[in-house]
Amino acid sequence: ENPPSPWTWGAGERAFAASVSAYWGNFANSRTPNGPLPVPTEWPLYTADADVVLRLYFDKLISFPLQKGYLQTQCDFFDTIGY
């Protein structure tokens, strides 16, 4: 049984938490977030050439989109100053 909580989770929040837990559990168990437990979207290996990331967020709708060039302008700025 779960410990008492001051928050009430909806079905979407529980599903999102289960998905994120599956990513972390997979990574801890097999060094990849993509298995053995099923996940909603395969998490791609990051390379600078592809610059594709998996964004995890929950806002009325569970979403696990792949996005190319996420925060590229901000990251490019830091590259110019040698950070």
Side-chain angles (χ1 to χ4, degrees):
E1 185 174 313
N2 293 328
S5 171
W7 297 282
T8 302
W9 288 31
E13 292 163 314
R14 284 191 299 276
F16 182 80
S19 295
V20 172
S21 294
Y23 283 120
W24 276 109
N26 287 341
F27 183 72
N29 183 47
S30 63
R31 299 187 303 173
T32 175
N34 299 318
L37 297 174
V39 291
T41 303
E42 186 170 309
W43 195 311
L45 180 64
Y46 181 82
T47 65
D49 292 334
D51 194 22
V52 174
V53 296
L54 177 66
R55 294 192 60 199
L56 308 175
Y57 56 91
F58 178 88
D59 183 17
K60 296 182 184 175
L61 170 56
I62 298 171
S63 184
F64 297 88
L66 295 176
Q67 186 172 0
K68 183 170 177 56
Y70 178 65
L71 295 177
Q72 184 172 357
T73 303
Q74 294 85 341
C75 293
D76 288 347
F77 167 75
F78 283 105
D79 288 343
T80 67
I81 61 173
Y83 186 77

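It should be emphasised that the depicted structure is a prediction, and the values quoted were computed from it without experimental measurement.
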If the condition is side chain to side chain contact (heavy atoms under 4.5 Å, CB included), which residues does R31 pass it with, not counting sequence neighbours? none
Give the cluster check for L54 versus F16: same hydrophobic cluster or not, with ILVMFWY residues linked at side-chain heavy-atom distances below 4.5 Å. yes
Under a single-linkage definition using a 4.5 Å side-chain heavy-atom cutoff for Ile, Leu, Val, Met, Phe, Trp and Tyr, are V52 and Y23 assigned to the same hydrophobic cluster? yes
Hey, are the side chains of T73 and F77 touching, using non-hydrogen atoms and a 4.5 Å cut-off? no
Taking every non-hydrogen atom, the tightest pair across P36 and S30: CD-OG, 3.9 Å
For W24, what residues pass the side chain to side chain contact (heavy atoms under 4.5 Å, CB included) criterion, not counting sequence neighbours? V20
Let me check something: any side-chain donor-acceptor pairs from residues 39-48 under 3.5 Å, sequence neighbours excluded? List them with distances.
| from | atom 1 | to | atom 2 | distance (Å) |
| --- | --- | --- | --- | --- |
| T41 | OG1 | F64 | O | 3.2 |
| Y46 | OH | D51 | OD1 | 2.9 |
| T47 | OG1 | A50 | N | 3.2 |

